[in-house]
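Numbers restart at 1 for each chain; the letters A, B, ... are given by sequence-line order, proteins then strands. No hydrogens, no waters, no symmetry mates; every other heavy atom, side chains included, goes into these values.
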Amino acid sequence: MTSEQYLSVLNPEQKAAVMHEGSPLLILAGAGSGKTRVITTKIAYLIAEKNIRPQSILAVTFTKKAAKEMLDRAVQLEPRADKAQIRTFHSFGAWFLRVYAEQAGLDPNFTVYDDDDMVTLLTKAIPDLPKKNASHVAHCISLAKDYCYEPDNPHLADIDHSPEFPEYYEAYQKRLRETGNVDFGDLIMLPVLLLQQNERIRTQMQYRFRVILVDEYQDSNVAQFQLLSALAGPETYVCVVGDDDQSIYKFRGAEVQNILSFQDQFPGTTLIKLERNYRSVAPILHAADVVVSNNSDRLGKTLSAERGDGKKPVLAFIPTQDDEARFAVELIKAAHKKGVPYADWAILYRTNAQSLSFETLFNNKKLPYTIVGSLKFWEREEIKDALCWLSFIANPRDEIAFRRIVNKPARGIGPTSQDKIIARLPETAVSESLLPSKGILDACRLALSSMSAKAKKSLGEFIELIEKYQTELGMYEPRAEGLESDEEPADKDAPSLADVLERLIKETGLIEYHTAQDEIAGTQRVANLQELCNSAIPYAPDRNGLLEYLDHVNLDRTLETENDEQVDAVTLITLHNTKGLEFPRVMITGLEEGIFPRAEKSAEELEEERRLFYVGITRARDELYMTSCGVRRMYGRTEYMAISPFLKELDTQQLEVIGSIPSSFKRVMQAQQPASEKPEDNPDEAGYVTEEDMELLERWRKGRTVFHDDYGYGVIVSAKVNEDSEFIIDVQFQSGATKKFLPKYQANRLMIAEI
DNA sequence: GACAGTGAAATTTTT
DNA sequence: TTTCACTGTC
């Protein structure tokens, strides 16, 4: 495509953003304003018209999915863009640290620890830290790293002001360095420290990247800002794109301040606003706007709906979560009959746990779906086991991996022996001046003499097995790689890492171990292991292949189903994961107080939840459905849900409301009706009593005997409309227990007992 | 050191 | 309701 062609489809602001040069650029891009198009066109334009070498362009995104899409679209416009560095922040960090592993004090074959590994390592580093506290401390350490605070930083108290925290952090960091590995936070923090301390490396990097583009800048954290600052030299062209209304990662250290103060941090910045929305029809955009305008802490912008009018959003009140899933199925099936593909639909929810009722029913009704970003697969025991074998082969200083695999299946080397071995680790560091060290393997050899005959034998076999694979994969050969790392994808028929992995899980006894487990518990573990092997197919059976594969699984937990794009399936996804995506038809589920927004939110956090709602609404192109359940099963108990406070912020005149409307919402609707249509009588009691309530009051009056499926016979001791305008009864059962019910939602389980 | 049985806790959101 | 961590026994 020529640049005239791709520039001609842009509106004036977009074109200005693409062609801008000579100063830092901040693009404030509203939802659906063609932000990705602008970035990808800019990449193509810089290469084609400004003679920028593709290799010297760095484009950073937050998710691998976004990176992939950006690369694909840029390549469509300009084939040479495939040489540009388009990565997530974390994968850039991993790339950088592999290039400068030695300077960063890391094993060149390091792998990345996840949150669970952090907790485990922490309990090893600080033995008397209670397990329950460990995950909290681990979380705080992550946050500290998001702010680029080292253990001696006085600001640590802002994160956790317990006096021990800096000690814990320091002990953890020391132990982590001994493993040669990194955690997620290190992937950003260590490059920042290295760039700040080492002028030569800084100059190298600043020379290497002449253009840096950052997407979703509103969700960058302080460490990422510092990384950007360190990478940007006086000659570097910096362009960031973001939307303060879509900042949803505060809990992870995201700092909206980064985008709000960008113009101060980078003096002379040009600001371009993209406010034309090309995605959603007007009523959907209106709903989004009404909701987000309840937030106070925002730059403020007005989106115009370029697509014009369309279908009003639908708000459905639904009895239970099973009905919610049924509602989705019916809607989707009905549309499918009219030719709407399944893939047009996305079901959005606040917490991963909510996907379950949809999965169950979709399976039942043979409705195809894909789950995005479900971490479950990678958290499975058998998967982690297999990956730890690979990690330990790559880096035999990896204490966590070692402990996990050395005694599985049982080899008679329990925690006590493991501690003994790890205790010998310092000796190996001294005796082993030649790099790379064989770490724990050497420590095992030192500890052999003090072990029982049985343990000695199996530990010897363990060492042998690891070393065999290390040799096969050439783990100690120098890495033939400079700054460029443009690996060609492996040939389909070429030998693959998958073959190695398959052999490994057989030889280690993992497959037998899990076959046995499958038979006992009826699980799918062997099948999962097979799936894992499949995921390794594109990687070469050598050192680089292994490291790339491990980075891939550690930095991107979404299981790549190769035929992702071809299969026609409904998308099940958390609201957070929808960032950057769009769908013709969107259903936002679980709009109940305590679910969305989640319970116990401060005012500030509530604004973030509201932004999350805003993000969800603005994903929809043509149709938007919102559902709210009356009751929901949680922890095996049935809970009565109040409607989400966000629903009360909607413009009910611009909604289609269906289902049995709770009186608390009827009140909202009446309040918003034009004065002429308002009913005359408006009793201003605590609870507003509707006609429907009158019927309920008559039927469920005080003193009547009722029968409940679970609790048996009982007497109604109170019947009233509560503060939330919901009709509620108290029933005293024969057991003596008193329970509250909303009879409207209990038609199947609670009935009047005729006497 | 392995395993069965018991009791308590669990659901944020993600790179 | 399910899952996980802890305890006591072999």
Side-chain angles (χ1 to χ4, degrees), chain A residues 60-67 87-94 112-116 118-119 123 130-132 134-135 139 142-143 145-146 182-189 216 219-221 223-224 227 246-254 321 348-357 372-376 378-379 381 407-419 451-452 454-455 458 520-521 551-558 573-580 590 592 594-601 605 608-609 611-613 615-616 632-639 710:
Chain A
V60 199
T61 64
F62 274 79
T63 65
K64 204 139 179 175
K65 198 170 184 152
R87 291 175 171 273
T88 65
F89 260 117
H90 289 86
S91 100
F92 173 80
V112 183
Y113 280 146
D114 67 16
D115 292 359
D116 284 346
M118 278 184 85
V119 174
T123 54
K131 182 95 211 293
K132 201 169 158 275
S135 43
H139 178 244
S142 291
L143 264 183
K145 291 184 175 184
D146 287 340
V182 295
D183 57 23
F184 272 110
D186 280 345
L187 288 173
I188 310 298
M189 184 173 84
E216 307 282 7
D219 281 323
S220 62
N221 59 37
Q224 287 161 339
L227 184 58
Q246 295 186 60
S247 166
I248 52 175
Y249 281 107
K250 183 76 195 291
F251 70 93
R252 210 176 72 190
Q321 60 196 327
L348 277 47
Y349 36 79
R350 179 63 234 272
T351 64
N352 282 302
Q354 286 164 254
S355 71
L356 195 66
S357 49
V372 176
S374 164
L375 303 177
K376 282 180 211 142
W378 302 102
E379 282 171 356
E381 184 187 344
N407 205 31
K408 192 184 251 184
R411 287 185 187 76
I413 305 159
T416 327
S417 314
Q418 292 169 17
D419 288 344
M451 305 204 119
S452 71
K454 190 175 150 239
S458 54
I520 300 164
D551 272 355
H552 167 79
V553 300
N554 287 326
L555 299 180
D556 178 30
R557 269 42 225 308
T558 53
I573 190 168
T574 62
L575 281 146
H576 280 88
N577 260 323
T578 61
K579 190 162 83 161
E592 297 128 38
I595 298 285
F596 187 25
R598 271 202 66 77
E600 296 143 21
K601 289 288 171 185
E605 290 169 317
E608 177 145 320
E609 294 274 312
R611 287 193 291 271
L612 191 56
F613 190 30
V615 168
R632 192 171 281 276
R633 285 181 80 80
M634 300 167 94
Y635 323 105
R637 284 275 121 224
T638 302
E639 304 275 344
D710 290 344

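A sub-4.0 Å separation between OP1 or OP2 of B:dT14 and a side-chain N or O of A:T574 is present. Put simply, A:N352 has a side-chain N or O that comes within less than 4.0 Å of OP1 or OP2 on B:dT13. An OP1 or OP2 oxygen of B:dT13 is reached within less than 4.0 angstrom by no side-chain nitrogen or oxygen of A:R350. A:N221 has no side-chain polar atom (N or O) that falls below the 4.0 Å cut-off from OP1 or OP2 of B:dT15.
A:L575 has its CG atom 15 Å from the C1' atom of B:dT11, to the nearest Å. A straight line from CZ of A:F251 to P of B:dT13 spans 8 Å, rounded to a whole angstrom. The distance from atom CG of A:L612 to atom P of B:dT12 is 15 Å, rounded to the nearest whole Å. Between A:F92 atom CZ and B:dT15 atom C1' the separation is 16 Å, expressed in whole Å. Separating the CG atom of A:D116 from the P atom of B:dT15 is a distance of 15 Å, rounded to the nearest angstrom. Between the CZ atom of A:R252 and the P atom of B:dT14 there is a distance of 9 Å, rounded to whole Å. One can place CZ of A:R633 at 16 Å from C1' of B:dT11, the figure rounded to the nearest angstrom. Here the P atom of nucleotide B:dT12 and the NE2 atom of A:H139 are 11 Å apart, to the nearest Å.
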### Message
Applying side-chain contact (heavy atoms from CB on, under 4.5 Å) to A:S91 and A:K64, what does each step give before you reach the verdict?
### Response
CA-CA 9 Å; A:S91 100; A:K64 204 139 179 175; 5.8 Å; no
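Residues satisfying the side chain to side chain contact (heavy atoms under 4.5 Å, CB included) criterion with A:Q246, sequence neighbours excluded, are A:A31, A:Q218, A:D243, A:Y614, A:V615, A:R619. Checked against side chain to side chain donor-acceptor pair (under 3.5 Å), A:D186 has the following partners two or more places apart in sequence or in another chain: A:K145, A:Q173, A:R177.
Between A:I248 and A:H576, the closest side-chain pair of non-hydrogen atoms falls below 4.5 Å.
Contacts of A:Y635 with the nucleic acid, taken as non-hydrogen atoms under 4.0 Å apart, include base atoms. Within the nucleic acid shown, A:D115 comes within 4.0 Å of at least one base atom, counting heavy atoms only. Residue A:Y249 is in sugar-phosphate contact alone, with no base atom involved, counting any heavy-atom pair closer than 4.0 Å across all strands shown.
Ring orientation note: the planes of A:F613 and A:F596 are nearly perpendicular, at an angle over 60° on the 30°/60° scale.
The gap from the C1' atom of B:dT11 to that of C:dC4 amounts to 15 Å, rounded to the nearest Å.
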